[in-house]
Protein chains: 2
Amino acid sequence: MTQPAGVLTEERILEAAEDVLRRYGPAKATVVDVAKALGISHGSVYRHFPNKLALRDAVARRWLARIAEPLDPAGDPDGPAAQRLLRWLQRLAAIKHGMALEDPELFATFCQLTTEAREVAAEHVDHLAAQLTEIVADGVAAGEFVAADPVRAGRAVLHATARFHHPLHAAEWQDPAIQDDLLEVWTLLIQGLGVRP
Amino acid sequence: MTQPAGVLTEERILEAAEDVLRRYGPAKATVVDVAKALGISHGSVYRHFPNKLALRDAVARRWLARIAEPLDPAGDPDGPAAQRLLRWLQRLAAIKHGMALEDPELFATFCQLTTEAREVAAEHVDHLAAQLTEIVADGVAAGEFVAADPVRAGRAVLHATARFHHPLHAAEWQDPAIQDDLLEVWTLLIQGLGVRP
DNA sequence: CAGCTGACAGATTTCAATATTTGTCAGTCA
DNA sequence: TGACTGACAAATATTGAAATCTGTCAGCTG
């Protein structure tokens, strides 16, 4: 429980906080627990974070950044934009669905944390939308897509696929048809109702 | 509290149950309350509904039917399918957003009831998807849309617009930009990324 | 003196006793 | 006879006293 010293950095506090949240869940995790895990008094934690909420927000931010990082379109630059878009959506869905299936309790913790940290979640949404914008813009540059405003189009794609990545819909991910549903929505988005296939 | 007799019909019990749910909320509403409102003993309620859950499901079913009814595409048969689709989506959104804004407590009751009654909610989703399918099929018949399978397309449109009508997203409806977001998604769905405007 | 401790007040949570509710069923009543 | 009652057991919810937690700060320590 008492960890050998080293400097007390925000990083180390976050590490411990994440651990405690994992172990006890969001309802039971206390600042005292975090301090105990670090072998310090809980007062010290307040030297680095103004309050418990800020600490939680910081944990949520790290968590979400870790999700967005491997999705960066720069990591998958080849092929038609339509296909890259599909791969991006499927990867995002796979990450979330994986979390939800493998460790439902941890996922619940994650959900609660992120829905409470509205600001942080909004940043994350912006980040994801920006990644989609990049793909759409590439598609436009390649003459593959027509989009007057790739920024708005990127956001619209994210919104249209909320059911497949928004944690609120986690319960629906149990249904194996969810994969097909995503494909179907993607098809609509790409082709539009007005285009011959 | 004690209502004059008349025959004790399921209809009257549902009426009373809905009233009690409205008044007390889902957490406090008891079968005893419902019986009291009808001036009967709570045992009598169990003569018509096997248990409390079935009673709640029945209330939820009525509630959802009342939402779906005015949306019937047969009530708005004129104009291009794309416009009818937009009107349908906007009407659905307006109904839900209106409930959420005007009487948040009642809406919360409604949400809890429907998320607990998974079966009933699924029926409702099917019902809405069928209405969308109708519009899409009309569009295809008129040569306005191309959709290999209007049933799947209808479902896809409903899924793609979940953010705008699914009660889970109610918190996001506070943002006035939600109207524009819907328009944007609709545009994508109708035009597709691949069509010149 | 910068970084930490630990005692403290007020807010929040826990826990166990107490009360209410659900669902059943033998019996009443018209 | 068939619709209804009301007493009952088991499950669930409420309550309030006790315990814990959050956030502060005066003072310690290296």
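Numbers restart at 1 for each chain; the letters A, B, ... are given by sequence-line order, proteins then strands.
Taking the nucleotide of DNA chain D with the nearest heavy atom to each of A:Asp33 and A:Gly43, the more 5' of the two is matched to A:Asp33. Between A:Arg47 and B:Pro50, it is A:Arg47 whose nearest contact on DNA chain C lies nearer the 5' terminus.
The CD1 atom of B:Ile40 sits 6 Å away from the P atom of D:dT5 (whole-angstrom rounding). Rounding to whole angstrom units, CG of residue A:Leu38 and C1' of C:dC4 are separated by 13 Å. The distance between atom NZ of B:Lys52 and atom C1' of C:dT24, rounded to the nearest whole Å, is 17 Å. We find that CD1 of B:Ile13 is positioned 12 Å from C1' of D:dA3, with the value rounded to whole Å. Rounded to whole angstrom, the span from the CZ atom of B:Phe49 across to the P atom of D:dC4 amounts to 13 Å. The nearest whole Å value for the distance from the CZ atom in B:Arg12 to the C1' atom in D:dC4 is 14 Å. One atom, CG of B:Asn51, and another, P of D:dA11, lie 16 Å apart when rounded to the nearest Å. Rounded to a whole Å, the CZ atom of A:Arg56 is 14 Å from the P atom of D:dC21.
A sub-4.0 Å separation between OP1 or OP2 of C:dT5 and a side-chain N or O of A:Ser44 is present. At least one side-chain nitrogen or oxygen of B:Lys28 sits closer than 4.0 Å to the OP1 or OP2 atom of D:dT14.
Closest approach to the A:Tyr46 side chain among C:dG6, D:dC4, D:dG23 is made by D:dG23 (side chain taken as heavy atoms from C-beta onward). Checking C:dC4, D:dT22, C:dT22 against every side-chain atom of A:Val31, the shortest atom distance belongs to D:dT22.
In this structure, A:Leu85 CG and A:Leu189 CG are separated by 7.5 Å, a value rounded to the nearest 0.5 Å. Interatomic distance, CD of B:Gln90 versus CG of B:Leu183, reported as 6.0 Å (0.5 Å rounding).
When each of B:Leu38, B:Val34, B:Val31, B:Val32 is paired with B:Val20, the side-chain contact (heavy atoms from CB on, under 4.5 Å) condition holds for B:Val34 and for no other.
A salt bridge does not link B:Arg155 with A:Glu184: none of the charged nitrogens is closer than 4.0 Å to a carboxylate oxygen.
B:His42 contributes no side-chain N or O that forms a donor-acceptor pair with the base of D:dG6 under 3.5 Å.
In summary, the aromatic rings of A:His165 and A:His97 are positioned with their centroids too far apart to meet the 6.0 Å limit.
Residue B:Thr30 is in sugar-phosphate contact alone, with no base atom involved, counting any heavy-atom pair closer than 4.0 Å across all strands shown. Across all strands shown, A:Val32 has heavy atoms under 4.0 Å from base atoms, whether or not it also approaches the sugar-phosphate.
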